[in-house]
Amino acid sequence: MTKDSLCPCGSGAAFSVCCQPVLDNHRMAVTAEMLMRSRYTAFVLRHAQHIQSSWHIRTRPKNLNFDDHPVVWLGLQIHSCSKGQESDNDGTVDFTCRYLEQGQFCKLHERSQFLQEDGLWYYLQGECQVTKEKIVRNSSCPCGSGQKFKRCCLAK
Ligand SMILES: [Zn+2]
Ligand SMILES: [Zn+2]
C-alpha cells in the first residue's frame with residue numbers, strides 16, 4: 001500500500017485519508033460507518049491490533065488467528081446506516097462484503113451494531129447471513145482481474 005493507493009474499503013478515497021488515520025488512531029472514527037470501514041480494511045491488511053481494540057470488550061474474541069481462515073477479500077458495500085453519528089450512542093450498519101474462502105465465492109450480509117463510549121466507537125455484534133458459491137476453475141475470477149480463477153485468486 002502506498003500513500004495514494006485506493007482504500008481497500010471501497011470508499012473511492014485514498015487510503016492515507018480514509019482508513020489509515022483510523023487504523024493509526026481509533027479516535028479518528030467519528031461515525032459507526034467509519035469504524036466499520038476501518039475494520040474491514042483491518043481484516044484486508046491483517047491489522048489485528050485495530051480489529052481487537054475496536055471490538056467491544058463484551059464480545060471481543062481472545063485471539064484472532066488469520067491463518068485459520070485464509071481469505072481473499074473482494075470488496076465492501078455499505079447499504080445503509082441508522083444512527084451511528086457523532087452525537088449518537090449507538091448505531092447499526094448494514095453491509096455486504098465479498099471474499100473467497102477455500103475456492104468458494106462468499107457473500108456475507110451483516111447488520112452490525114456499534115456502541116459509542118467515551119468518544120470511541122466499538123463493534124458490538126452482528127446478525128449475518130453467508131451465501132457461498134463454488135467457482136469453476138476456468139471461469140473468470142470474481143475479483144474482476146479478467147484472469148481465469150485458477151490462475152488468479154485460487155492460486156493465492
Ligand atoms: Zn477506507
Ligand atoms: Zn482474482
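One-based numbering, in listed order, for ligands and for the atoms of each.
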Original post:
How wide is the angle at the Zn ion (ligand 1) between SG in Cys18 and SG in Cys7, to the nearest 10°?
Top reply: 110°
Original post:
Name the one of Gln113, Glu117, Gln125 that satisfies side chain to side chain donor-acceptor pair (under 3.5 Å) with His56?
Top reply: Glu117
**OP:** Nearest 10° is fine: what angle sits at the Zn ion (ligand 2) between SG from Cys152 and SG from Cys143?
**Re:** 110°
Original post:
What angle, to the nearest 10°, do the atoms SG (Cys19) and SG (Cys9) form about the Zn ion (ligand 1)?
Top reply: 110°
**OP:** Specify whether Trp73 and Phe43 have parallel, tilted or perpendicular ring planes, treating 30° as the upper limit for parallel and 60° as the lower limit for perpendicular.
**Re:** tilted
Original post:
Do we get Arg39 above Trp55's six-membered ring, with its NZ or CZ under 6.0 Å from the centre and within 45° of the axis?
Top reply: yes
Original post:
Do Thr131 and Phe105 come close enough that some side-chain heavy atom pair is under 4.5 Å?
Top reply: no
